[in-house]
Amino acid sequence: MQHLIPKIESQLASLPVPIALELPDGRRVAQAGARVTLAFKEWTVLAKLAARQVGAIGEAYVEGKVQIEGAMRDLIDATVGMLPGNPAETDTGWWSRLQHRAKSHGSHSLRKDAAQIEFHYDVSDDFYALWLDARRVYSCAYFRTPDLTLAEAQEAKLDHICKKLMLQPGERYLDIGSGWGALLLWAAEHYGVDATGITLSKNQHAYVQRLIEEKGLQGRVRVELRDYRELSADQPFDKISSVGMFEHVGAANMPTYFRKIHSLLKPGGLVMNHGITSGELNYRQLGAGMGDFIEKYIFPGGELLHVTHVLRETAAAGLEMVDTESLRPHYARTLWAWSDALEAQLDAAREVLQRSGGRQAENAERVLRAYRLYLAGSAMSFEQGWISLHQMLSTKPDGDVGRAGVLRGAQSVYPFARDYIYNK
């Protein structure tokens, strides 16, 4: 492995942030004024660094084979310099696409999706509460003005979605993948809707049930532990939202997902799909081992599609896209806010995970290390444009060309003008 050292020294010299390496034999390779130190316990891991497999380095850190000292933001800046250009891997061959589709089909049964959601969202409510805002909004914030705090930007996002959906008092509203209930409750309290949320997370379900009771919203707000495929279309909804949800659906299930939404939505109604999209047209995953890291430690079964693919499936299901907005840099800022909050209380996070029970207690240090890299690495990916975030507003045309109150041919409540979103 000694022959790798000159190559690694050359790589270090080109990085935007000076870093130091501590080798397994105790030697130190360092740039002047190093702000980040990577201490390697095994030579095989050092070989991964020489090959620019940053995901493998992240895995080694989680497993305790590498120690990292220094600020997470400095580490991420150095990581960008380690990567050989755009790391987004794409599917261009028919065999590769066929394999990927087969894997997608096999990864998203009712049972597997429930297990995958539990793996991520049921880590520990108290752990998430340490670095999310007080409403526990676990999705991209909307920094309508640069001076907003994270909490203010999350409230701005909740309201942005409600305004886009044109929520009205008494309307039946469904939130698919309702998380810790922030949007569900905001819509009920500020717009007077009759709100239903669904989640596959037992922790989130119990938490939202408590909030509904504490706020006295029984009868007008409910949350169900249910898969979207299990919902009945007997009583369609006026408005539907899905925030941070379709990333878990799987490419193979996208037709089923959008057909289900179509069946659940009243003619003339609106649906908002807000979710992470890929930055590459034929995206498969992030390369350099980063996609494998996310799959193993954070989001098993997660799949990203380019926004054009999502909109194609939307249209194929009979829904009409009327407004699409990218919030990509907003998510980068959101993730950095989460990362900074976690970095500021690592000891508390470790203690919370240790007392949480289950796999988290047994693997508290591994979970914490994985989330440190996941939050900061995701912020980097949004900043670089490797992945994106879109809000896609669609209608279910009702065939009423002369519908009152909107432009002729609207065939829905959507006014085909944006003023209603931004006027206070």
Calculate, to the nearest 0.5 Å, the distance between atoms [atom1] and [atom2] belonging to [X] and [Y] respectively.
{"X": "Thr256", "Y": "Ile261", "atom1": "OG1", "atom2": "CD1", "value": "11.5 Å"}
{"X": "Lys239", "Y": "Cys162", "atom1": "NZ", "atom2": "SG", "value": "10.0 Å"}
{"X": "Glu247", "Y": "Leu305", "atom1": "CD", "atom2": "CG", "value": "10.0 Å"}
{"X": "Ser394", "Y": "His262", "atom1": "OG", "atom2": "NE2", "value": "11.0 Å"}
{"X": "Leu184", "Y": "Arg222", "atom1": "CG", "atom2": "CZ", "value": "9.0 Å"}
{"X": "Gln154", "Y": "Leu132", "atom1": "CD", "atom2": "CG", "value": "8.0 Å"}

Flag side-chain contact, heavy atom, 4.5 Å: [X] against [Y]:
{"X": "Glu383", "Y": "Pro329", "answer": "no"}
{"X": "Glu189", "Y": "Leu217", "answer": "yes"}
{"X": "Met272", "Y": "Ile240", "answer": "no"}
{"X": "Leu38", "Y": "Glu22", "answer": "no"}
{"X": "Asp125", "Y": "Arg136", "answer": "yes"}
{"X": "Glu343", "Y": "Trp338", "answer": "no"}
{"X": "Leu231", "Y": "Arg226", "answer": "yes"}
{"X": "Asp147", "Y": "Glu152", "answer": "no"}

Atom of [X], atom of [Y] and distance for their closest heavy-atom approach:
{"X": "Gly81", "Y": "Pro16", "value": "CA-CD, 4.1 Å"}
{"X": "Ala78", "Y": "Leu15", "value": "O-CD2, 3.6 Å"}
{"X": "Met72", "Y": "Ala376", "value": "CG-CB, 3.3 Å"}
{"X": "Leu342", "Y": "Ala349", "value": "CD1-CB, 3.7 Å"}
{"X": "His390", "Y": "Thr324", "value": "CD2-CG2, 3.8 Å"}
{"X": "Pro415", "Y": "Met166", "value": "CD-SD, 3.5 Å"}

Quickly, which of Val413, Val271, Leu393, Val193 forms a side chain to side chain contact (heavy atoms under 4.5 Å, CB included) with Leu165? Name it, please.
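Of all the options given, the one that passes is Leu393.
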
Derivation and outcome, salt bridge (Lys or Arg N to Asp or Glu O under 4.0 Å), residues Lys48 and Glu59:
CA-CA 11 Å; Lys48 299 292 186 182; Glu59 181 173 346; over 6 Å; no

Show your working on side-chain contact (heavy atoms from CB on, under 4.5 Å) between Thr196 and Asp175 and close with a plain yes or no.
CA-CA 6 Å; Thr196 299; Asp175 189 23; over 6 Å; no

Check the pair Glu351, Arg355 against salt bridge (Lys or Arg N to Asp or Glu O under 4.0 Å), reporting the backbone distance first and the verdict last.
CA-CA 6 Å; Glu351 181 181 342; Arg355 68 167 185 258; 3.4 Å; yes

Just by modelled atom types, is the [Y] backbone N or O under 3.5 Å from a matching donor or acceptor in the [X] side chain?
{"X": "Gln345", "Y": "Leu130", "answer": "yes"}
{"X": "Glu171", "Y": "Gln168", "answer": "yes"}
{"X": "Ser178", "Y": "Ile198", "answer": "yes"}
{"X": "Glu230", "Y": "Asp227", "answer": "yes"}
{"X": "Ser263", "Y": "Lys260", "answer": "yes"}
{"X": "Arg220", "Y": "Ala188", "answer": "yes"}
{"X": "Asp238", "Y": "Arg172", "answer": "yes"}
{"X": "Trp386", "Y": "Phe382", "answer": "no"}
{"X": "Lys266", "Y": "Pro236", "answer": "no"}
{"X": "Asp400", "Y": "Arg403", "answer": "yes"}

Scan Tyr142, Tyr420, Trp186 and name whichever one has a ring pair (Phe, Tyr, Trp, His ring centres under 6.0 Å) with His160.
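Output: one option passes, namely Tyr142.
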
Can you see whether Trp336 has Arg73 sitting over its ring - NZ or CZ less than 6.0 Å from the centre and within 45° of the normal?
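Arg73 over Trp336 ring: yes.
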
Is the distance between the ring centroids of Tyr371 and Phe127 under 6.0 Å?
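So the answer is yes for these two rings.
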
Tyr173 and Phe237: aromatic ring centres closer than 6.0 Å?
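Distance test on ring centres: not under 6.0 Å, no.
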
Relative to the ring of Trp131, is the ring of Tyr138 parallel (under 30°), tilted (30 to 60°) or perpendicular (over 60°)?
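Perpendicular: the ring planes of Tyr138 and Trp131 meet at over 60°.
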
Which pairs, with at least one residue in residues 405-419 and sequence neighbours excluded, count as a side chain to side chain donor-acceptor pair (under 3.5 Å)?
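Every side chain to side chain donor-acceptor pair (under 3.5 Å) pair that includes a residue of residues 405-419, provided the two are not neighbours, is Asp323-Arg418.
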
Could you go through the side-chain contact (heavy atoms from CB on, under 4.5 Å) check for Leu75 and Leu373 one step at a time?
CA-CA 9 Å; Leu75 174 66; Leu373 294 183; 4.1 Å; yes

Trace of the side-chain contact (heavy atoms from CB on, under 4.5 Å) decision for Leu389 with His274
CA-CA 7 Å; Leu389 186 289; His274 164 124; 3.8 Å; yes

Going through the checks in order, is the side-chain hydrogen bond (donor to acceptor under 3.5 Å, both in side chains) test met by Tyr257 and Arg229?
CA-CA 8 Å; Tyr257 171 72; Arg229 287 163 286 194; over 6 Å; no

Show, in sequence, the C-alpha distance, side-chain angles and deciding distance for Leu225 and Lys202, and conclude whether the side-chain contact (heavy atoms from CB on, under 4.5 Å) test is met.
CA-CA 7 Å; Leu225 194 63; Lys202 295 176 183 177; 4.0 Å; yes

Residue pair Asp234, Ser232: steps toward the side-chain hydrogen bond (donor to acceptor under 3.5 Å, both in side chains) verdict
CA-CA 6 Å; Asp234 292 344; Ser232 170; 3.1 Å; yes

Please check if the number of heavy atoms outside Gln235 that lie under 6.0 Å from its CD is greater than 12.
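Not more than 12 within 6.0 Å, no.
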
